[in-house]
Engineer: 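The structure that follows is given in the form of structure tokens.
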Amino acid sequence: MTTGSSRTTRPTAGSGGISTFRGQDRALRADRLGTLGLLLSVLAATAPLMVVAGVMPTTFGVMGIVGQPLLFVILAAVLALFSVGYAEMSRHVHNAGAFYAYISRGLGGTAGAGAAMVALVAYNALQVGIYGIFGFEVSGLFATYLDTQVAWWIPPLAAVLVVGALGWLKIDLNARVLGVLLVIEVILVVIFDVAAIGNPGPQGLSLHAFNPDTLTGAGFGTALCFSVAAFLGFEQAPVYAEETSRPHVLVPRVMFLAIGGIAVFYTITCWALTVATGPSAIVGTAGKQSAGLLFFLTEDLLGNTFTDVLHVLFVTGMFAAMLSFHNVVARYAFAMGREGLLPAAFGRTSNSSGAPGTGSLLQTLIALVVVAAFTITDSHPTGDPTAPVLRLFTWMGSLGALGVAFLMAAASVSVLVFFVRRGAVGAQFWRLAASGLAVVGLLFIVVYTVKDFDVLIGAGPDSSLSWLLPGVIGLALVTGLVQGLVLRSRRPEAHARIGLGNEAFQLEKAAGADS
């Protein structure tokens, strides 16, 4: 079923929400996010300080890629190409299911069902993975500042409950919480950048990290995936489309602001790390300091007090990311429940806040189960990062990054098909060309990620994890595709609604009036 721009009935004065054919509890509340609120919600998921303190040292130290700043520039270009078609699609599709809604519009309901399941698994993995490094850091702070030994799994379990509770609250409140945490951590990292560039290491203000020769090596594929994971969050803007007053304007605007801001911020900060140590020493220093690289450098450049504050902001930044990903998972579950891909209970919102409460509960339960599973299987002493960081954080983060990269590639293909079928090749030619280039770049990333997955998760080439973990994404895809085929056979009317969101309700209403 091909349709034009999606429409929802506008809220009446004082209604505070969308009035749909199926009732107010089947829609997310509109007019709740403006440009700033949406931008903060999206950027919070990128967890800037977690990327600077976690992703960047890993790419330098484990994969030996000195040219990581250049890698951010290249990936920003690829993701900008992706966003050209993705943003244009957002003018035609307003659905909290975002990726799967877009894919279903171009490639059909069955493909959309497969994408929905991949998205649900991938974003859950990204959210849950953060609990690992969160627990390790918080337990380390207790040991350092309070001389108290706290098992790594206690802080995550407490955080799961707090995040779950906030998931029930208004998105306005969540945006404010995310925004305050985000702004503070960005300011502190910028202060470090200025200090590092103003007081460079022994090699001065070297631009060697931007030399293309620095991208060669066996770790290039894994570095590519890690760097993609650093950008994740910008693509979540369409998830909140139903909660904005002008989604066709705000969603594209926020996406491009996010990509541009992230790219500049990460490129400069990553370069500042190489300047602080010297390009020739960055790999060795990062390998020795690991996630402590940033704090090691700030102690020398800015003192202990600044470093202490940075440690605290590292924790709050991770919390902001967990909350942001939680909101995205809840909205995917809401969209899937509304369209028959999950039980109908997931397709209703809370009467008090308008939030997708059942989806929030689902994500909270999944997080509790996964954290508990890693806790039970952890036989290492307190303070050992193996279970929380090297397993929970790395395994789940890698799994989620792979899933989202695959969804981006599929969404770019869907953009091409969508506009070609609508006879809009001439009008959208440059956007379609950008989407075609994005497909090539994103598929390259997906293939390299799968190929080097054993390095990515720190396992040997013969480890079953090197195919089991990517296999989770494959299993989710197959499960969703089978579900889509069953729906098409047994409930064709439900299959035809996949990806339509509120628009499907309006079509049903019109059909009922004509009968």
Side-chain angles (χ1 to χ4, degrees), residues 40-41 43-58 60 130-150 152 154-156 158-159 162-163 166 174-201 230 233 261-262 264-277 282 285-286 288-324 383 385 388-389 393:
L40 291 175
S41 294
L43 288 179
T46 65
L49 191 52
M50 186 174 69
V51 171
V52 175
V55 173
M56 291 181 187
T58 300
F60 281 130
I130 300 173
Y131 284 113
I133 195 168
F134 177 84
F136 179 75
E137 176 67 13
V138 172
S139 63
L141 291 177
F142 270 92
T144 301
Y145 297 105
L146 300 178
D147 196 25
T148 302
Q149 295 295 320
V150 176
W152 73 264
I154 294 178
V162 174
V163 168
L166 287 175
N174 287 352
R176 287 195 293 270
V177 172
L178 296 173
V180 170
L181 298 176
L182 174 71
V183 169
I184 295 175
E185 64 179 289
V186 167
I187 289 173
L188 292 185
V189 174
V190 169
I191 291 173
F192 161 75
D193 293 344
V194 173
I197 294 171
N199 185 26
I262 293 169
V264 172
F265 178 77
Y266 286 164
T267 300
I268 293 176
T269 301
C270 199
W271 174 59
L273 290 174
T274 70
V275 168
T277 64
I282 185 63
T285 306
K288 180 179 180 181
Q289 298 295 331
S290 187
L293 175 65
L294 177 64
F295 308 110
F296 168 76
L297 295 174
T298 57
E299 279 188 357
D300 181 52
L301 289 169
L302 297 163
N304 293 332
T305 300
F306 182 91
T307 302
D308 291 342
V309 174
L310 202 62
H311 271 294
V312 175
L313 267 295
F314 185 30
V315 172
T316 59
M318 286 186 285
F319 182 83
M322 290 186 293
L323 183 56
S324 183
V389 179
F393 175 67

Engineer: With no hydrogens and no angle check, do the side chains of Thr285 and Thr277 hold a donor and an acceptor under 3.5 Å apart?
Structural biologist: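 No, no side-chain donor-acceptor contact under 3.5 Å.
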Engineer: If you count every heavy atom of other residues, nucleotides or ligands that lies below 6.0 Å from Phe306 atom CZ, does the total exceed 12?
Structural biologist: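 Correct, the count exceeds 12.
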Engineer: Should Phe314 and Met318 count as side-chain neighbours, where that means a heavy-atom distance under 4.5 Å?
Structural biologist: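 A side-chain contact exists here, since the closest heavy-atom pair is under 4.5 Å.
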Engineer: I need the Trp152 CH2 to Phe142 CZ distance, nearest 0.5 Å.
Structural biologist: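 The CZ atom of Phe142 is 15.5 Å from CH2 of Trp152, to the nearest 0.5 Å.
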Engineer: Heavy-atom distance under 4.5 Å between the side chains of Tyr266 and Met56, does that happen here?
Structural biologist: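 Tyr266 reaches Met56 side chain to side chain.
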Engineer: Contact between Phe60 and Thr274 at the side-chain level, heavy atoms closer than 4.5 Å - yes or no?
Structural biologist: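 They are in contact (side-chain heavy atoms under 4.5 Å apart), so the answer is yes.
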Engineer: With rounding to the nearest 0.5 angstrom, report the CG to CG distance, Leu297 to Asp300.
Structural biologist: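 Nearest 0.5 Å value for the CG-CG distance: 7.5 Å.
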Engineer: So do the side chains of Leu166 and Phe319 get within less than 4.5 Å of each other, counting heavy atoms only?
Structural biologist: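 Yes; the side chains approach each other to less than 4.5 Å.
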Engineer: Using a 4.5 Å cut-off on heavy atoms from C-beta on, say whether the side chain of Met50 contacts that of Val55.
Structural biologist: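 Side chain of Val55 against side chain of Met50, heavy atoms only: no contact under 4.5 Å found.
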Engineer: Could you tell me whether the side chain of Thr307 and the main chain of Glu299 form a donor-acceptor pair under 3.5 Å?
Structural biologist: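 Side chain of Thr307 to backbone of Glu299: a pair is present.
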Engineer: May I ask you to test the Trp271-Ile197 pair for a side-chain heavy-atom distance under 4.5 Å?
Structural biologist: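 Touching, per the 4.5 Å side-chain cut-off.
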Engineer: Of all the heavy-atom pairs spanning Pro57 and Ala286, show the shortest one and how long it is.
Structural biologist: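 For Pro57 and Ala286, the tightest heavy-atom pair comes out as O-CB, 3.7 Å.
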Engineer: Once you measure the plane-to-plane angle for Tyr145 and His311, does it fall in the parallel (<30°), tilted (30-60°) or perpendicular (>60°) bin?
Structural biologist: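 Plane angle over 60°, so perpendicular.
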Engineer: May I have the list of side-chain donor-acceptor pairs in residues 179-195 shorter than 3.5 Å, sequence neighbours left out?
Structural biologist:
residue : atom : partner : partner atom : Å
Glu185  : OE1  : Leu49   : N            : 2.9
Asp193  : OD1  : Thr269  : OG1          : 3.3
Asp193  : OD2  : Thr269  : OG1          : 2.8

Engineer: Could you give the distance from CZ (Phe265) to SG (Cys270), rounded to the nearest 0.5 Å?
Structural biologist: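 SG of Cys270 is found 11.0 Å from CZ of Phe265.
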Engineer: Restricting to side-chain hydrogen bond (donor to acceptor under 3.5 Å, both in side chains), what partner residues turn up for Tyr131, sequence neighbours left out?
Structural biologist: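 With sequence neighbours excluded, Tyr131 shows a side-chain hydrogen bond (donor to acceptor under 3.5 Å, both in side chains) to Gln127, given in chain and number order.
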Engineer: Looking only at atom types and distance, does a side-chain atom of Ser139 sit under 3.5 Å from a main-chain N or O of Phe136, one as donor and one as acceptor?
Structural biologist: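 Confirmed, Ser139 side chain pairs with Phe136 backbone.
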Engineer: Measure across Ile282 and Leu273 and return the closest heavy-atom pair with its distance rounded to 0.1 Å.
Structural biologist: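 Minimum heavy-atom separation between Ile282 and Leu273: CD1-O, 3.7 Å.
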Engineer: Any side-chain heavy atom of Val150 sitting closer than 4.5 Å to one from Pro155?
Structural biologist: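 In short, these two side chains touch, coming nearer than 4.5 Å.
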Engineer: Contact between Leu141 and Val315 at the side-chain level, heavy atoms closer than 4.5 Å - yes or no?
Structural biologist: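 Yes. Closest side-chain heavy atoms under 4.5 Å.
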